[in-house]
Structures are given as C-alpha cells and as structure tokens.
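Contents: one structure, followed by commentary.
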There are 2 protein chains.
Amino acid sequence: MTINIYDGFMPESHPAPARFPVTVDVVALTVTDDVLKVLLITRLIEPFRGRLALPGGFVLAGEDLATAAGRELTEETGVVGVPGHLEQLGSYGPKGRDPRGDVLTVAHLLLAPNFPVLSAGSDAEHAAWYPVSQVLDGELQLAFDHERILVDALERAKSKLEYSPLGAAFCGDEFTIAQLRAVYEAVWGTRLDPRNFHRKATGTPGFLEDTGRMTTGDAGRPAALFRLAEAARQAAGQPVRAVLNPPLMRPRA
Amino acid sequence: MTINIYDGFMPESHPAPARFPVTVDVVALTVTDDVLKVLLITRLIEPFRGRLALPGGFVLAGEDLATAAGRELTEETGVVGVPGHLEQLGSYGPKGRDPRGDVLTVAHLLLAPNFPVLSAGSDAEHAAWYPVSQVLDGELQLAFDHERILVDALERAKSKLEYSPLGAAFCGDEFTIAQLRAVYEAVWGTRLDPRNFHRKATGTPGFLEDTGRMTTGDAGRPAALFRLAEAARQAAGQPVRAVLNPPLMRPRA
DNA sequence: ATATTTATCGTCATATTGACAATAAATCGG
DNA sequence: CCGATTTATTGTCAATATGACGATAAATAT
C-alpha cells in the first residue's frame, strides 16, 4: 500500500516527523447493584484475540478526540449519544503498547448510569459490563496496556468524586441520597456513614436540588428524590469546578 | 514523497485508519520574584512566524511521550535533564488546530524552579520566561491553540497545589515556608495568611521535613529550611497521592 | 540603639467531620 | 391488622480544621 503525504510539513522540528496511528479507548464505568463495572469487548482479531479489551478504535481523518470516543462507544454498544459524562483521561504510547507497531491511544473516561449494550452477533465484538474487581483480581485479563489504563481511570474517578458533582453522572436524572452514596461506596470501595453522607450531600450549596418527589415501593422509608443543582450541571466538557468545597474526602485508608 | 505503510494494520476499526503527526508541547511554569512565569519560544517559521508559542515538537518514531517532552525541553532551553515535575496535561486536536492540517498534540505540564534558558543565536528559536499574566491579559498572543492549553495548564497547576505536595516542585531542594507560600500565592493569584499557611504546611504529616538549617542574610528573622518529606517525594511519574489531607483549598473567590 | 522586617507561636470563634442516638415512615411476615 | 424490620432523615456531641488576628522572636536597616 502506498500513501502520498504532503511534503512541506515540518513545523518546528528538524528530524522527519513521524506519523502515528491514533486510537481512542473508552473506560466506561457504571454502578449496578452496588458494584462498579467496566465496559469491555471481546477481541475477535489478533493480537490478543479472544482477550477482553477496552472499547475503542481509530481516530478518523478530520475527527476530534471526543467525537471519536463517542463514535466508538456508539459503534460498539449501540447506545445513542453520550450516555453520561465523558472526559479525556490521558494518552499512552506510542512506544511499546502494540506488538504490531507504535500506536498512540488517547484514553477517555465515561461515567454513566447503566445502559444496555447491544448483544452483538457472533461475528461482532461483544461488549458487556464486567465487575472492575474481577479485572483487578487478575480473574479477567485485558489486552495491551488496558489494565494500566483502567487503573488510571479508577484513580481519576475516585478523585473526581471527592470534589466534583460527577458522582451523580452514575445516576439518572433523579436519584436518592442513598443511590448517590452507593456510587461513592462502589467507586471508593469503602462504606460511608449514611447520616454523615446525607448531611454533606444535602448541606453543600449548589450541589443537589430537591425535586419534591419521593421514591415508592422500595423497602423502608421512602426517600426524597434529588437532581443536580443548576450550578453543578455543566455543559459537556466544561471545567466542572469544585462544587464540593471543602471536598468530600475518601476515608484515610 | 512516498511512504510505504505496513498493510495488515487495522486492529478494530473498519475505515482506513488515518495516521497523524503527533507533537508534544510543554507548559513550563516557574515562580520568580513572586510572579508566575511560563516558558515561551518565538516562532521562526510560518504559520505564526514571530508569534510566541509553547516549546514543543514532533514525537519521533520509537519515542515515548514523556521522553519526547523532555527532549524538546532540552533542545529548546539547553537544560540538562528534567528540571522539575513533568506530567501529562492532555491531548488536543487533531482537528482544526494547525492551518496546515490535522496535528495531534499532547500537552505536558512542567513545574520547576527557575532555570536558565539558553540564549539562542538569531537563527534559533529564542526561549524565555514570560509572566503568565501578560498572556492572560492579551498583552502577549500565542500561536495555535496554545493559550487554551496554557489556561488548562494553569487550572491543573492550581488544583494540584490544593491536595498534592507539588508546590514544592517550584522550589529547590530546600526552601522556607515563606518561599512555598509565595509559590501558592503566585499560582493561585491570591494572598494567603502567613500564619495559617505556616500552620497547615508544618502541621500536615508527611509533607515537610525540617532540615535543621536556617536562612541567613535575608531581611527579617531567619527562616527554617525545609525539604519534602520522604512520603511526599515520589518517583517521577508516580500517582502523587493526596498528601495534603484535608486539602489546602484556594480561598473561595 | 531603635525601627523595621519577616518568621513563628498562640488564641479564639466558627465550620466541618466522625461517631453514633433517636425518630420517621415505609414494607415484610405472619 | 400488628409488630418486626428496613431504610431515611434529623440530631447531638466531641474532635479537628479553618479563618482572623494578637504577640513575640530574631534578624537587618537606619
């Protein structure tokens, strides 16, 4: 295969600028049944055929990173639009991550409520939610450097919950304090005192807004339904300034 | 120009994978005379010839991102080794950032004590420290999307100071509490109460370590010299866990 | 020698956290 | 239908941390 490359393209550097294949990978996290789960696909081709991997794929010419990440997510799950909070995590490579050659990947982090994934036919890569703990245990093994990326994503997610309202990205539009607390507990891997959590969540100005409605049908006393306050909602890709101030810190190990 | 590309290279995606030129850019920050400064070079070629820009350049084949960032820094300033804390900031593009075509850039953040930059001859790109405020004012204009990258870098730096010991990356190995406070004030753009800052800095376990030595010659009472405690020092590229817990938050605007 | 400067220690009211008691309001099991 | 159980929510109280600021210590500057 032969490709023509425009020649007059050496902005600032003297050695021949290399071109790299660029992929986006998405670490999609969700919480279901109090368990933190990650979206993984089963690879159908070498290398790492049959192995689990993060959903992702090549960035196309003229495409932006966030666009590519959203597109890959849609392609591999059938979900329409971005189902939660998507942010860039970081870039990995290009050296030594793919046995076939240098590939740069830009990892993204998606925090979303559980969404159904397309059950693909046998000739498509099957995507499904897996408990994060099974990957960290070594029970499940990931392709490439995807475990390292997952670990970084988890640390990012844990830290985001401390000072940002993004815990709510795991919930639907309306949620109870207990549901939000379950998210914190699943992501941090610790139990939190329901009363103190309630106090902090409801007592932080600009964080939550009472909808006035209550849950019904569940065991126990009905819970009030909240939504994110206007100040905490944010146009996609905005700074997400520290709404939780002072932050809600993870217990000190 | 014609380049041969290995053909069997389509891991997960169906459309032809594009290859992109990849650059690294470095937002190098330092504090001198209580002023936050950023390292900028003057471009010698189009586009944006004569305009100020972040130091950076192409990632070479077989090179890692952090390596490339360090190499570019060395090439443009003459500094030997990485003079402070270098971390990845984020990736930008590839669409619409360079008039010549799609270029992906991976921005990095360097927090370092002031270091001298090579005074280049007239035919090399001249690197120098500029007050960040002059860029934000619009007094200085940057090439490409470099101002946006700088803004993101500043937010990252501000936030890092809150919970990590990285403020000390701006100081030398040994420093006084007042010097550290000057870093916080310059980065955050606020004044801090010297007594409360002293209490927090010296009272946080695992943050600072008294060297036993004192400053001499300066005006006023001599100050004790501190260094980062072992727990706060970290192998380059490590997580930098929250040493400041609870964090030292910026004043609420 | 005294004024000035900077560092450091101390005080005190207020805010926040962590641990936990008590009450409210539903479902559950007979 | 009723008490047991479950979950939500409101409080209480001591320990900790913060913000505002007084006071003292130890240099240099005049």
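In what follows, chains carry the letters A, B, and so on, assigned in the order in which the sequence lines appear, proteins first and then strands, with residues in each chain numbered from 1. As the structure is a prediction and not an experimental result, all values here were calculated from the model.
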If you take all heavy atoms of A/L228 and A/E209, which pair is closest and at what distance? O-OE1, 4.2 Å

Looking at B/R156 and B/D152, is there a salt bridge between them, counting it only when a charged N and a carboxylate O are closer than 4.0 Å? no

Presence of donor-acceptor pair under 3.5 Å, side chain of A/R221 and base of C/dA26: no

Side-chain ion pair, A/E155 and A/K158, N-O less than 4.0 Å: no

Using the heavy-atom set of chain B and a strict 4.0 Å cut-off, write down the first and last nucleotide of DNA chain D that makes it in, 5' to 3'. D/dA17 to D/dT28

Please pick, from C/dC12, C/dC20, C/dT8, the nucleotide with the shortest atom-to-atom distance to any side-chain atom of A/N196. C/dC20

Atom CG of B/N245 to atom P of C/dT17: distance rounded to whole Å? 11 Å

Once you round it to whole Å, what is the distance between P of C/dA25 and CG of A/D218? 17 Å

Count the heavy atoms of every other residue, nucleotide or ligand shown that sit under 6.0 Å from CG of A/D137, and state whether that count exceeds 12. yes

Consider the side chain of B/A223, meaning its heavy atoms from C-beta on, and name the nucleotide among C/dT8, C/dA25, C/dG18 that approaches it most closely. C/dT8

Measure from the side chain of A/P246, starting at C-beta and using heavy atoms only, and say which of C/dA21, C/dT17, C/dT8 lies closest. C/dT17

Hits for side-chain contact (heavy atoms from CB on, under 4.5 Å) against B/R213, two or more places apart or cross-chain, chain-then-number order -> B/E174, B/T211, B/L225

Whole-Å distance separating the CG atom of A/L192 from the P atom of C/dA19: 11 Å

Let me spell it out: for each of A/T216 and A/R199, pick the nucleotide of DNA chain C with the closest heavy atom. Which residue's pick is nearer the 5' end? A/R199

Taken to the nearest whole Å, NZ/A/K200 to C1'/C/dG18 is 13 Å

Going through the distances and angles, do A/T105 and A/D25 end up as a side chain to side chain donor-acceptor pair (under 3.5 Å)? CA-CA 7 Å; A/T105 195; A/D25 287 316; 2.8 Å; yes

Nearest-angstrom distance from the residue atom CG of A/L244 to P of C/dT16: 12 Å

In whole angstrom, what separates A/R195's CZ from C/dT17's P? 16 Å

Nearest whole angstrom, please: distance from the C1' of C/dT8 to the CG of B/D210. 12 Å

I want to confirm an ordering. Mapping A/G217 and A/D193 to their closest nucleotides on DNA chain C, which one lands closer to the 5' end? A/D193

With ring centroids as reference points, do A/F226 and A/F175 lie under 6.0 angstrom apart? no

Between P of C/dA7 and CZ of B/F226, the distance in whole Å: 12 Å

